[in-house]
Visitor: 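First the structure, which I've put down as structure tokens, then a few questions once you've had a look.
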Amino acid sequence: MKIPFNRAVIVGNEMEYIAQAIVNGHISGDGCFTKKIHNLLETSLGVRKALLTTSCTHALEMMAILLDIQPGDEVILPDFTFVSTVNAFVLRGARPVFIDVRPDTLNLDESQLEAAITPKTKAVILVHYAGVGCEMDDIMEIADCHGVPVVEDNAHGLFGKYKGQFLGTFGVLAAQSFHETKNFTSGEGGALLINDPQYIERAEIIREKGTNRARFFRGQVDKYTWVDIGSSYLPSDILAAFLFAQLEQREKIQNHRQQVWETYQAGLSTWAGERGVRLPIVPEYCDQAYHMYYLLLPDLSTRQRFLQHLRQQGILSVFHYLPLHLSEMGQKFGGEAGDCPVTERVSDQLVRLPFYNGLTGSEQEQILSAIMAFKF
Ligand SMILES: Cc1ncc(COP(=O)(O)O)c(C=O)c1O
């Protein structure tokens with residue numbers, strides 16, 4: 001492909017910091033670069049505790065353990081999301097209750113939330129799709145009223161805000177992704193953000209194979225031992241070194257991504273308006289995270305021809321997500337066609353355009369002219 005969908009690029013001191021981690025002689029988890037990231041996330045977002053993990057999926061798995069999800073418990077989540085949002089909870093025996101998304105932001109439709117809550121509901125899991133905030137005022141009010149904790153799968157939304165407050169700071173817990181396709185990356189990686197301090201101590205234990213090793217290193221216990229369930233959720237400090245260099249450049253990265261997003265939006269608005277193509281909608285009270293740029297084509301066959309057309313021009317665009325309730329697993333939980341009509345429709349229409357930190361102005365011009373040449 002002349003223009004890939006995503007390409008990982010060096011933005012700052014990645015190579016120097018990796019070399020430094022190796023010279024430091026500490027390349028396992030929780031070395032100095034991991035600690036620098038914890039500190040950066042805690043101070044820049046204002047969260048009580050940040051813990052780097054091996055992926056967002058693993059941060060979500062830690063969440064499910066922390067919330068003490070048991071077989072038969074229900075969790076509510078949007079139908080239009082990545083598999084990990086649901087799988088982490090199903091692994092602990094939860095029954096997923098999928099809610100349709102709003103047709104504008106493609107976030108969980110808060111008007112359907114209250115009716116989905118039952119005495120078995122143990123959590124509401126939100127996804128800030130494309131880094132645009134969910135309707136947090138309404139969602140928090142409904143969840144608080146029923147005493148149900150809210151958690152955020154903020155894989156797309158680092159440094160995005162809803163009404164001036166950072167995404168990832170609303171729920172009791174939030175999960176971040178540093179996968180290669182995200183704004184800031186270590187190839188694979190993630191973080192658990194903890195806003196409710198009651199979860200901090202147990203989170204440290206779960207992340208360290210169920211041991212109280214973190215307390216031992218702080219001198220709070222004189223030996224460390226097996227105290228709970230857990231797994232190995234710490235990334236190597238070599239990965240943290242790479243990621244820290246990326247996070248240090250957050251202003252530069254976010255400015256560039258904003259420019260890419262605005263170039264798409266300005267370049268496509270007339271074209272889209274004349275052809276019934278829907279561009280992203282960002283409410284004025286949301287500062288988005290500039291994670292992705294997507295289009296909604298009129299229907300599935302046009303979408304498939306559009307992807308094929310771009311591919312023939314050497315440009316890789318992709319689609320996602322398939323409705324979870326209609327997946328093989330979703331159907332085992334009773335999902336049927338028609339349950340979530342917005343997700344079913346959007347899933348057929350959506351195209352994600354190439355969007356990465358090294359995307360150049362000339363590459364974007366090529367993408368825009370290839371789009372203009374598409375015959376409806
Ligand atoms: C909404 C959402 N949640 C979770 C994930 C999983 O992230 P990771 O690959 O870091 O486990 C993704 C991946 O893209 C995602 O889009």
Side-chain angles (χ1 to χ4, degrees), residues 5-6 8 37 41 50-65 75-91 94 96 98-99 101-102 105-108 123-134 150-160 167-168 170-171 173-193 207 231-236 239-240 242-243 246-247 257 280 288-294 317-325 327 329-330 340 343 346-347 350-352 354-356:
F5 170 66
N6 182 62
I37 292 173
L41 292 173
L51 292 172
L52 212 55
T53 58
T54 30
S55 65
C56 180
T57 302
H58 282 164
L60 290 162
E61 287 179 15
M62 287 179 67
M63 263 184 198
I65 298 172
V75 294
I76 297 174
L77 73 155
D79 192 41
F80 189 64
T81 182
F82 191 66
V83 175
S84 296
T85 319
V86 62
N87 202 42
F89 292 81
V90 170
L91 263 175
F98 299 112
I99 294 196
V101 292
R102 294 170 57 105
T105 56
L106 313 186
N107 283 331
L108 179 135
V124 175
I125 311 156
L126 300 178
V127 177
H128 304 294
Y129 182 72
V132 175
C134 295
V150 170
V151 294
E152 300 169 77
D153 175 346
N154 195 29
H156 302 176
L158 186 56
F159 302 126
L167 305 179
F170 288 89
L173 301 162
Q176 299 297 149
S177 176
F178 299 116
H179 180 260
E180 185 182 82
T181 50
K182 303 303 185 293
N183 300 23
F184 312 93
T185 183
S186 48
E188 303 282 350
L192 179 71
L193 306 182
R207 180 166 167 269
S231 190
S232 184
Y233 292 127
L234 304 77
S236 154
L239 290 178
F242 191 96
L243 179 60
Q246 299 245 318
L247 288 168
R257 296 184 78 98
Q288 62 156 316
Y290 298 104
H291 171 54
M292 72 165 88
Y293 194 89
Y294 67 87
S317 275
V318 299
F319 66 89
H320 74 178
Y321 302 110
L322 297 174
L324 284 175
H325 73 285
S327 65
M329 275 297 281
C340 294
T343 300
V346 162
S347 168
L350 195 134
V351 169
R352 294 175 67 183
F355 200 133
Y356 49 87

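In each ligand, atom 1 is the first atom listed, and ligand 1 is the first ligand listed.
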Visitor: What atoms in ligand 1 come closer than 4.0 Å to a heavy atom of Gly189?
Guide: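 That gives atoms 10 (O) of ligand 1.
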Visitor: Give a yes/no verdict on whether any heavy atom in Tyr321 is under 4.0 Å from an atom of ligand 1.
Guide: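 Under 4.0 Å: yes for Tyr321.
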Visitor: Go through the steps to decide whether Val151 and Val75 satisfy the test side-chain contact (heavy atoms from CB on, under 4.5 Å), and finish with yes or no.
Guide: CA-CA 10 Å; Val151 294; Val75 294; over 6 Å; no
Visitor: N/O of Cys56 under 3.5 Å from N/O of ligand 1, yes or no?
Guide: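 There is such a contact, yes.
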Visitor: Between His128 and Asn154, do the side chains contain an N or O donor and an N or O acceptor separated by less than 3.5 Å?
Guide: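 His128 vs Asn154: no donor-acceptor pair found between side chains.
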Visitor: Considering non-hydrogen atoms of the protein only, which is the closest contact for atom 15 (C) of ligand 1, and what is the distance?
Guide: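 Heavy-atom neighbour on the protein nearest atom 15 (C) of ligand 1: Phe82 CB, 3.4 Å.
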Visitor: Just let me know how Thr81 lines up against ligand 1, side chain, backbone, both or neither, with a heavy-atom cut-off below 4.0 Å.
Guide: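 Side chain only.
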Visitor: Is it the case that ligand 1 has an N or O less than 3.5 angstrom from some N or O of Lys182?
Guide: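 Yes, Lys182 has an N/O under 3.5 Å of an N/O on ligand 1.
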Visitor: Determine the interplanar angle of the His320 and His156 rings, folded into 0 to 90°, and report it as parallel if under 30°, tilted if 30 to 60°, perpendicular if over 60°.
Guide: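 It falls in the parallel class, under 30°.
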Visitor: If the contact criterion is a heavy-atom separation under 4.0 Å, does Ala59 count as touching ligand 1?
Guide: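 Outside the 4.0 Å threshold, so no.
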Visitor: Looking at ligand 1, would His58 count as a contact under a 4.0 Å heavy-atom criterion?
Guide: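 His58 does not count as a contact of ligand 1 under the 4.0 Å cut-off.
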Visitor: Would the distance check show the side chain of Thr185 and the main-chain N or O of Phe178 forming a donor-acceptor pair, the cut-off being under 3.5 Å?
Guide: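 Confirmed, Thr185 side chain pairs with Phe178 backbone.
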Visitor: Quickly, which of Phe98, Tyr321, Tyr294, Phe319 forms a ring pair (Phe, Tyr, Trp, His ring centres under 6.0 Å) with Phe80? Name it, please.
Guide: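 By the ring pair (Phe, Tyr, Trp, His ring centres under 6.0 Å) criterion, Phe80 pairs with just one of Phe98, Tyr321, Tyr294, Phe319: Tyr321.
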Visitor: Picking from His291, Gln246, Met292, what satisfies side-chain contact (heavy atoms from CB on, under 4.5 Å) with Asn183?
Guide: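 Of all the options given, the one that passes is His291.
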Visitor: What protein heavy atom lies closest to atom 11 (O) of ligand 1? Include the residue and the distance to one decimal.
Guide: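 Going atom by atom, the protein heavy atom closest to atom 11 (O) of ligand 1 ends up being Thr57 OG1, 2.5 Å.
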Visitor: If you define the side chain from C-beta out and look only at heavy atoms, does anything of Arg207 sit under 4.5 Å from Leu234?
Guide: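 The answer is yes, as the side chains (C-beta and beyond) meet within the 4.5 Å cut-off.
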Visitor: Considering only heavy atoms from C-beta outward, does the side chain of Pro96 approach that of Leu77 to under 4.5 Å?
Guide: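 Yes. Closest side-chain heavy atoms under 4.5 Å.
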Visitor: Name the closest protein heavy atom to atom 10 (O) of ligand 1, giving the residue it belongs to and the distance to 0.1 Å.
Guide: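 Ranking protein heavy atoms by distance from atom 10 (O) of ligand 1, first comes Ser177 OG, 2.8 Å.
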Visitor: With nothing but distance in play, are any N or O atoms of His179 less than 3.5 Å from an N or O of ligand 1?
Guide: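 Such a contact does not occur with ligand 1.
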Visitor: Among all protein heavy atoms, pick the one closest to atom 1 (C) of ligand 1 and tell me residue, atom and distance.
Guide: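 So the nearest neighbour among protein heavy atoms is Asp153 OD2, 3.5 Å.
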